[in-house]
Amino acid sequence: MPAPLLAPSLLAGDHAALGASAATAAAAGAPWLHLDIMDGHFVPNLTFGPEVLAALRRSGVQTFFDTHLMLAEPHRYVEAFAKAGANLISIHIEPDYDHAATLARIRALGCQCGIVLNPGTPADAVRALLPQVDLVLVMTVQPGFGGQAFRREMLPKIAQIDAWRREQGLSFRLEVDGGIDLQTGAECRAAGTDTFVAGTSFFRATDKAAFVRTVAGW
Ligand code: DX5
Ligand code: ZN
C-alpha cells in the first residue's frame, strides 16, 4: 500500500497570494499540493485555470501538483494542465465523455492519472478502470466548496475500493477529499485511505508541520 501523505488544498489558501500559500504548504513539508479546478457547470463554483499552475511553477513551487478537475468536459483541458505543470490529473466519472481514453491521454502527456467519484456515485462505477489509474479519489463531500462536513457514510465505499485493490494486486493511491482533519482522516485511514486532501483544517492549523508529520506517520 502506498505511504500515507497529506495534500493541502490551495482552495483554502489566500487567493490574493496563492504563491505564498503554496509555499506555506511546501515549507510545512507537504509532499503534494491539491489544486481544485471548477468550471461553474459540473460544480456550482469557479476557481482557477492552468495559468495559475504555470505561474506557481514560475514562482519556484516544486511540490507535486495533484490536480482535481471538476469539469463537465475535462478531456478538453488535460493537455493545458499537463503543460502548465500538473503531475497528476484526476477526472470525474460522472460526466459523459470517454473516461478510458482521457485517462490514457493524461498518461501520454507524462502525468499520472486519477478517477474521482462523487458521494452519490457507487464504487462499481469505477471498478473497470482500476487497473488503468494511479489514484482513485473518493469525495467525502459534494464537490464545489471547501469547509463542508465530512460524510462518514463514504467509509464503506473506501473500504470496498481498498478491498478490490488488494484482491487485484493493484497499487493505485486511494485519496479522500472534503471535511478531512486529523479525526476524520484517521477514520479514512482505518478504511484503507493513504492520500488525504485537507483544505480548511490545514490552513487553519497552528502547527502545519506537525499535521503533515502526523499523516505521514499513519
Ligand atoms: C471540494 C474540493 C476540496 C476542498 C476541500 O470541492 O474538491 O478539495 O478544497 O476543502 P475542505 O478540506 O475544507 O473540506
Ligand atoms: Zn479537491
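Counting starts at 1 for both ligands and their atoms, following the listed order. Side-chain atoms are counted along with the backbone in the values below, which use heavy atoms only and exclude waters and symmetry mates.
Under the 6.0 Å distance and 45° angle rule, Arg204 does not count as a cation-pi partner of Phe211.
Per residue His68, closest N, O or S atom to the Zn ion (ligand 2): atom name ND1. Per residue Asp177, closest N, O or S atom to the Zn ion (ligand 2): atom name OD2. Looking at Asp36 and the Zn ion (ligand 2) together, the shortest N, O or S contact belongs to OD1.
Classification of the Tyr97-His75 ring pair by plane angle, with boundaries at 30° and 60°, yields parallel.
For Trp218 and Phe196, the gap between ring centers is short of 6.0 Å.
A donor-acceptor pair shorter than 3.5 Å cannot be found between the side chains of Thr121 and Asn118. A donor-acceptor contact closer than 3.5 angstrom is absent between the side chains of Thr140 and Asp177. Side-chain contact annotation: Asp66 with His68, donor-acceptor N/O pair under 3.5 Å absent.
Annotation: atom 9 (O) of ligand 1 to nearest protein heavy atom, Ser9 OG, 2.8 Å. Shortest contact from atom 12 (O) of ligand 1 to any protein heavy atom: Gly199 N, 2.8 Å. When only non-hydrogen protein atoms are considered, atom 2 (C) of ligand 1 lies nearest to Asp36 OD1, 3.4 Å. In terms of protein heavy-atom proximity, atom 1 (C) of ligand 1 is nearest to Phe145 O, 3.7 Å. Shortest contact from atom 11 (P) of ligand 1 to any protein heavy atom: Gly147 N, 3.7 Å. Regarding atom 6 (O) of ligand 1, its nearest protein heavy-atom neighbour is Gly144 N, 2.7 Å. Ranking protein heavy atoms by distance to atom 3 (C) of ligand 1, first place goes to Asp177 OD1, 2.8 Å. Regarding atom 14 (O) of ligand 1, its nearest protein heavy-atom neighbour is Gly179 N, 2.8 Å.
The pair Arg173-Glu175 does not count as a salt bridge, with every side-chain nitrogen at least 4.0 angstrom from each carboxylate oxygen. Under a 4.0 Å N-O distance rule, the pair Asp194/Arg189 does not qualify as a salt bridge.
Taking every non-hydrogen atom of Gly146 and a distance limit under 4.0 Å, the qualifying atoms of ligand 1 come out as 10 (O), 13 (O). Annotation for ligand 1: atoms under 4.0 Å from non-hydrogen atoms of Met139 are 7 (O). Near Met38, with a cut-off below 4.0 Å to any heavy atom, the atoms of ligand 1 are 6 (O). Numbered from 1 in the order shown, with element, the atoms of ligand 1 that lie under 4.0 Å from a heavy atom of Thr200 read 11 (P), 12 (O), 13 (O). Listed by number with element, the atoms of ligand 1 under 4.0 angstrom from any heavy atom of His34 are 8 (O). Heavy-atom proximity to Met70, at under 4.0 Å, picks out these atoms of ligand 1: 6 (O), 7 (O). In summary, the atoms of ligand 1 found under 4.0 Å from a heavy atom of Pro143, numbered by their order in the structure, are 6 (O). Atoms of ligand 1 found under 4.0 Å from any heavy atom of Gly178, numbered from 1 in the order shown, are 14 (O).
For the pair Ser21 (side chain) and Leu18 (backbone), a donor-acceptor distance under 3.5 Å is absent. Checked by atom type and distance alone, the side chain of Glu79 never pairs as donor or acceptor with a backbone atom of Arg76 at under 3.5 Å. Distance alone, capped at 3.5 Å, is enough to place a donor-acceptor pair between the Thr184 side chain and the Asp181 backbone.
Between Leu6 and Val215, the shortest heavy-atom distance links the atoms N-CG1, 3.8 Å.
Ligand 1 lies nowhere less than 4.0 angstrom from a heavy atom belonging to Gln142. Using a 4.0 Å cutoff on heavy atoms, Ser201 does not count as a contact of ligand 1.
Between the CG atom in Leu174 and the CG atom in Leu135 there is a gap of 8.0 Å [rounded to 0.5 Å].
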